[in-house]
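These notes concern the structure reproduced below.
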2 protein chains.
Amino acid sequence: MSNIIRQALGQICNITDEEWNKLLPFIKTRSIKKNHVLLEQGSKSINFYFITKGLVRFYYSTPEGKEFNKSFHHENDFVGSLLTMKRDMPSTFSIQALEDCELIVINYKEFNTLYDEHRCWDRIGRIMAEELAIRKELREKEFLLDSAEARYESFKAEFPDLQNRINLGHIASYLGITQVQLSRIRKNIK
Amino acid sequence: MSNIIRQALGQICNITDEEWNKLLPFIKTRSIKKNHVLLEQGSKSINFYFITKGLVRFYYSTPEGKEFNKSFHHENDFVGSLLTMKRDMPSTFSIQALEDCELIVINYKEFNTLYDEHRCWDRIGRIMAEELAIRKELREKEFLLDSAEARYESFKAEFPDLQNRINLGHIASYLGITQVQLSRIRKNIK
DNA sequence: GATCGTTTTTAACATAGGTTAAAGGAAATT
DNA sequence: AATTTCCTTTAACCTATGTTAAAAACGATC
């Protein structure tokens, strides 16, 4: 099971057996059912996760009871709240399983101790953070420049595999519009 | 001059004299005038910059000739195109001086060689990328959840010092709305 | 202080998107 | 197959924002 995560990390930076053995005690596996809330907005998380199977959504909840999807993550993604992990602050969003999931759980504080052990962990952390920043910049650009219709087309182009796994309500929420408006857009396109 | 940048980096991670002397040959200083375009969208940059004085905007240009401000940066900010630097791709945005600026110029390819020299550079790169990712996540959240009026209030709260240095047209462009709409919002607030 | 360029506001009209509620469809359950 | 639940579309109406153009305010310069 943990071979999968070693392979994923190994693509970023080579990890020696010695370093790998330091990580092993900090990780375990976990299964969660569809609809389970893995992390609740407002709480602090001590873990981050690697998804070996399934699909989750990150979402913000507003005081008015609305929800907005921040992102979707599936097989081979690392997921967690950067803010909680880096600054020990309550998470600004929740994480919920949209399908039954198999996860690898990594204790963040323990993982943190590795940074001073070997440079490979800083390297891995740097490149993962850079990739995240690039993805978030792209989404910022789309919100800034593109219409909701264009954002919908981008979503379909970027995540063709997710189209059939995620219902339109969740997609609309990711695009920052209502289900009604997405329905109107879909009618226009056809 | 380069003391300033060493101090800024030193707050992230200690840099030994030996490591610092490896960086020194890769940096130089440069002055640019207001309105000068430092990086043109579509071109590749070989440098990134540290601003010691002045103010710049990052902006996207559309095929229709419109411009949208991505971000503003001033004294003590590191600026550059992550995409150009990390993936050797043309920059998706331009950089223009909004005031006369004093810059420290760092050659990215040369800087890149430092990563294998000492772990402090991976550490610095990691933490800078993490901070960038956190800022971009916050802006994503504001686009997703907040009205233009709320985003304007957030802008004023987050950058109180920039209010008098940036004209309303540029602020509207940063918020993703027109100058006309920002004017209406300002009228409503008062 | 008159003139010129820039920034900001205002007006009038057009479009995108929100709200609420109901109707249709699709899929799961009994 | 009938029932229930969830997902998607449609309709009617309302608000936020875009577009274009002009006016007003502001600042710099001569």
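All chains are named by letter (A, B, ...) in the order of the sequence lines, taking the proteins before the strands, and each is independently numbered beginning at 1. All values below were derived from every heavy atom in this structure, side-chain atoms included, with hydrogens, water molecules and symmetry-related copies excluded.
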Worksheet item: Is the phosphate of D/dT8, meaning OP1 or OP2, less than 4.0 Å from a side-chain N or O of A/R186?
Response: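 Checking A/R186 against D/dT8: no side-chain N or O falls below 4.0 Å of OP1 or OP2.
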
Item to complete: Please check if atom NZ in A/K156 has more than 12 non-hydrogen atoms from other residues, nucleotides or ligands closer than 6.0 Å.
Response: yes

Rounded to the nearest Å, what distance is computed from the [atom1] atom of residue [X] to the [atom2] atom of nucleotide [N]?
X: B/K187; N: D/dT15; atom1: NZ; atom2: C1'; answer: 16 Å
X: A/N188; N: D/dT10; atom1: CG; atom2: C1'; answer: 13 Å
X: B/L98; N: C/dT7; atom1: CG; atom2: P; answer: 11 Å
X: A/K66; N: C/dT20; atom1: NZ; atom2: C1'; answer: 12 Å
X: A/Q181; N: C/dT19; atom1: CD; atom2: P; answer: 11 Å
X: A/L182; N: C/dG18; atom1: CG; atom2: P; answer: 11 Å

Discussion item. Short of 4.0 Å, heavy atom to strand atom, which residues of residues 142-154 of chain A count as contacting DNA chain C?
Written reply: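 Hits under 4.0 Å, by residue number: A/A148.
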
Worksheet item: Got a sec? Which of residues 158-179 of chain A come in under 4.0 Å of DNA chain C, heavy atoms?
Response: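 The answer is A/G176, A/I177, A/T178.
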
Practice prompt. Evaluate the side chain to side chain contact (heavy atoms under 4.5 Å, CB included) criterion for residues B/M128 and B/I12: first the C-alpha distance (whole Å), next the side-chain angles of each, then the deciding distance (0.1 Å), finally the verdict.
Written response: CA-CA 8 Å; B/M128 280 173 46; B/I12 297 173; 3.7 Å; yes

Worksheet item: Could you walk me through whether B/T52 and B/I104 pass the side chain to side chain contact (heavy atoms under 4.5 Å, CB included) check?
Response: CA-CA 7 Å; B/T52 51; B/I104 293 174; 3.9 Å; yes

Worksheet entry | Ring-ring centroid check B/F58 B/F93, cutoff 6.0 Å |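 When the ring centroids of B/F58 and B/F93 are compared, they turn out to be within the sub-6.0 Å range.
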
Discussion item. Determine whether the aromatic ring centres of residues B/Y174 and B/F72 are separated by less than 6.0 angstrom.
Written reply: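 That pair passes the under 6.0 Å test.
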
Worksheet item: Do A/K70's NZ or CZ and the ring of A/Y59 fall within the cation-pi criteria of under 6.0 Å and 45°?
Response: no

Worksheet item: Any salt bridge between A/K141 and A/E137, counting N to O under 4.0 Å?
Response: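 No.
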
Discussion item. So does B/I15 get a backbone contact from the side chain of B/R6, meaning a donor-acceptor N/O pair under 3.5 Å?
Written reply: yes

Practice prompt. Would you please test A/D100 and A/K33 for salt bridge (Lys or Arg N to Asp or Glu O under 4.0 Å) and show each step?
Written response: CA-CA 4 Å; A/D100 293 351; A/K33 285 283 168 197; 3.7 Å; yes

Could you go over nucleotides 28-30 of chain C and give all protein N or O partners under 3.5 Å, atom names and distances?
none

Fill in: Polar side chain donor-acceptor pair, A/Y108 to A/K86, under 3.5 angstrom
yes

Item to complete: Give me the one residue out of A/Y49, A/F26, A/F48 that meets ring pair (Phe, Tyr, Trp, His ring centres under 6.0 Å) with A/F111.
Response: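 When ring pair (Phe, Tyr, Trp, His ring centres under 6.0 Å) is applied between A/F111 and each of A/Y49, A/F26, A/F48, only A/F48 qualifies.
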
Discussion item. If you only use heavy atoms from C-beta on, which nucleotide in D/dA11, C/dG18, C/dA12 is closest to the side chain of A/R184?
Written reply: C/dG18

